[in-house]
Amino acid sequence: MEFVNESDIKFIRLNFCDIFGMQKNISIMSEELKSAFKTGVSFDAHSIKGFDGTHSDLVLVPDPATISLLPWRPGSVARFYCELKNSDGTDFLFDTRTLLKKSAARAAAMGYTCKIGTECEFYLFKTDENGEPTNILFDKGGYLDIAPLDRGEDIRREICLTLEEMGVKPEASYHEEGPGQNEIDFMSSDALTAADNFQTFKTVVKAIATRNGLHASFMPKPILDAPGSGMHVNLSLFKNGNNIFSKNEEHSDVAESFIAGIFNKVPEITAFLNPLDNSYERLGKVGAPKYVSWSHLNYAQMVRIPAAVNEKVRMELRSPDPSLNPYLAFSLLIEAGLNGIENNMVLPPTVDEELFSADESIVKSLGMLPISLAKAIELAENSDFIKNVLGDELLNKYLELKKTEIADKNYDIKEKFYRDKYFNIV
């Protein structure tokens, strides 16, 4: 409250998301903030995707730890991420942010803190004279190119500086493999902060792109014959302040069981890691994994253990894409890892071959990721693990809406379907 008063903040944005991670907000005047902390801000949620069929009156309760100024907004505007409550003060069943907090708390009760860092790719497109997105790419650069081939350098710099102003720390940024494709990577943090930061990141990228007359797309495969956009998730596990993935610490059976738990559950949680029909245009192509495999260094595997030391030793999950809901995705990944620890799971042998051109004798023994959203839904529907984490109601609502998405699909005009369905909003 002191910060709001001293900074002469006039408007407060109360942010939350639907079950697919799509961000929503209500704006209040700063004079209403005290009341918001005390009793919350009620709203009618019946038109929020996934919230229909639930009690329509919900309450937003701002999380004071998430206050941040919005540097690109004229005037003084602050933002909070919020918890969703029912009108009687109980937790709202479909609040995925609260779900992640519970998974992190379960890890803490077992003595662990899971840290997560993301590496996210996106495309920049030009807009027309009316500010509407076109399919014209911002540049023709390639992997790690510099100006003038890379025209996104100044945009990325502006994004990174804006994020720093908001307390989010980017680690690296560069031009990715596709024309007009960019990547920004983030330092690891606790799971809830990582999810909040990812939501902030997407908001900032879109805002800065728009300010520069561009459209930023986080579609997994906005151009079918170009590299897809992934969102690699780096996970490590800390106990008593030490990274147990590090060989200088335990690097024990516990760490490997955590990795094995995630490795074991990825196929059935793929509907949450790759939630769009368009997601499956990316998997198995141009460096995106197809098989359930792991390696210490080979980039083509689903799980990779990058070369690093001490606190930076981690596992990198390469299958997810940036259309996911980070709260759902991170919750499921943490729970999968904890399940691996509880059941003393053992990692299978590494696969160090280049799987995109590997002989059938190598790949025939490997599991595969789902080849379509329909298959991913089928695996999720039959997963007792997911039901235990999400509960029947949230799982059923999520899958019901995903089935509707598939039913709307017309593959005779696949590219147009993807553009109309996802391009402007993802």
Side-chain angles (χ1 to χ4, degrees), residues 17-22 49-51 53-54 84 91-107 109-110 112 114 116 191-192 194-195 198 220 231 233 235 257-277 279-280 283 289 292 302-303 315 317-343 345 367-406:
C17 69
D18 65 20
I19 62 173
F20 299 115
M22 183 65 65
K49 197 169 186 178
F51 293 0
T54 63
L84 287 164
D91 289 341
F92 178 51
L93 191 62
F94 294 177
D95 180 12
T96 56
R97 190 171 186 271
T98 295
L99 184 76
L100 176 56
K101 288 177 71 173
K102 290 177 179 177
S103 294
R106 191 166 96 79
M110 293 173 62
Y112 303 111
C114 183
I116 296 177
L192 187 64
F198 180 69
M231 200 274 266
V233 181
L235 301 105
S257 290
F258 183 83
I259 300 171
I262 292 174
F263 186 91
N264 181 261
K265 296 298 182 184
V266 166
E268 59 201 76
I269 65 175
T270 292
F272 300 89
L273 304 179
N274 307 94
L276 304 184
D277 191 72
S279 298
Y280 299 84
L283 292 178
V292 180
M302 184 188 78
V303 171
M315 64 160 284
L317 181 64
R318 297 175 51 82
S319 60
D321 67 57
S323 65
L324 53 69
N325 176 338
Y327 304 107
L328 274 180
F330 296 172
S331 180
L332 287 165
L333 290 172
I334 290 170
E335 295 283 357
L338 297 179
N339 186 61
I341 293 173
E342 290 170 330
N343 290 284
M345 290 186 184
M368 287 182 62
L369 292 170
I371 60 171
S372 66
L373 180 58
K375 181 61 179 176
I377 288 171
E378 180 186 333
L379 291 175
E381 210 162 22
N382 294 312
S383 171
D384 290 335
F385 165 75
I386 297 178
K387 290 175 186 174
N388 289 334
V389 175
L390 304 187
D392 286 336
E393 290 184 66
L394 176 53
L395 176 60
N396 291 341
K397 174 59 71 173
Y398 185 97
L399 296 183
E400 172 195 326
L401 290 170
K402 284 294 155 187
K403 288 176 182 178
T404 301
E405 184 177 317
I406 294 172

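What you see is a predicted model; the values in this text were computed from it and never measured.
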| N/O donor-acceptor pair under 3.5 Å between N264 side chain and A260 backbone | no
| Would you find a donor on one side and an acceptor on the other, under 3.5 Å apart, between the side chain of Y327 and the backbone of C17? | no
| query | Tell me, do L379 and T270 make a side-chain contact under 4.5 Å, heavy atoms counted? | reply | no
| message | Looking at S383 and A380, would you say the former's side chain and the latter's main chain have a donor-acceptor pair under 3.5 Å? | response | no
| query | Can you name the residues that form a side-chain hydrogen bond (donor to acceptor under 3.5 Å, both in side chains) with E400, not counting sequence neighbours? | reply | none
| said: If I compare all heavy atoms of P220 with all of L276, which pair ends up nearest, and what's the gap? | reply: CD-CD1, 3.9 Å
| query | Taking all atoms of both residues into account, what is the closest heavy-atom pair of V303 and F263, and its distance? | reply | CG2-CD1, 4.3 Å
| message | Do R106 and K102 make a side-chain contact, defined as non-hydrogen atoms from C-beta onward lying under 4.5 Å apart? | response | no
| field | Between CG on residue L369 and NZ on residue K375, distance to nearest 0.5 Å | value | 12.0 Å
| Going from CZ on R97 to NZ on K101, what distance comes out if it is rounded to the nearest 0.5 angstrom? | 6.0 Å
| Does any donor atom in the side chain of N325 or T96 lie under 3.5 Å from an acceptor atom in the other side chain? | yes
| task | Give the minimum heavy-atom separation between F272 and A329, together with the two atoms involved. | result | O-CB, 4.2 Å
| query | Does the D95 side chain pair with the main chain of L84, one donor and one acceptor, at a distance under 3.5 Å? | reply | yes
| remark: So NZ of K397 and CG of D18: to nearest 0.5 Å the spacing works out to 12.0 Å
| field | Verdict with supporting geometry, S279 and D321, side-chain hydrogen bond (donor to acceptor under 3.5 Å, both in side chains) | value | CA-CA 7 Å; S279 298; D321 67 57; 2.8 Å; yes
| said: Counting neighbours of CD1 on I371 that are heavy atoms of other residues, nucleotides or ligands and sit closer than 6.0 Å, is the number greater than 12? | reply: no
| remark: Shortest non-hydrogen pair, I334 vs S103, comes out as CG2-O, 3.9 Å
| Between atom CD1 of I386 and atom OG of S331, what is the distance when rounded to the nearest 0.5 Å? | 11.0 Å
| said: Let me confirm one number: the CD1-CG distance from I269 to L324, rounded to the nearest 0.5 Å. | reply: 10.5 Å
| query | Sub-3.5 Å donor-acceptor pair from the side chain of N274 to the main-chain atoms of S319, do we have one? | reply | yes
| query | F20 ring centre to K402 NZ or CZ under 6.0 Å, with the angle to the axis within 45°? | reply | yes
| query | After noting the C-alpha distance and the side-chain angles of K265 and E335, does the key distance pass the side chain to side chain contact (heavy atoms under 4.5 Å, CB included) rule? | reply | CA-CA 10 Å; K265 296 298 182 184; E335 295 283 357; over 6 Å; no
| message | Using every non-hydrogen atom in the two residues, find where L273 and L317 come nearest and quote the distance to one decimal. | response | CD1-CD2, 4.1 Å
| Between F51 and I19, which heavy-atom pair has the shortest distance, and what is it? | CE1-CG2, 3.9 Å
| message | As a quick check of understanding, evaluate ring-ring contact (aromatic ring centres under 6.0 Å, His included) for F330 and F198, giving each step before the final call. | response | CA-CA 11 Å; F330 296 172; F198 180 69; 7.3 Å; no
| request: With side chain to side chain contact (heavy atoms under 4.5 Å, CB included) as the test, would you mind laying out the steps for L328 and L390 before giving the verdict? | output: CA-CA 8 Å; L328 274 180; L390 304 187; 3.6 Å; yes
| query | Below 4.0 angstrom, N of the basic side chain to O of the carboxylate: do E405 and K49 qualify? | reply | no
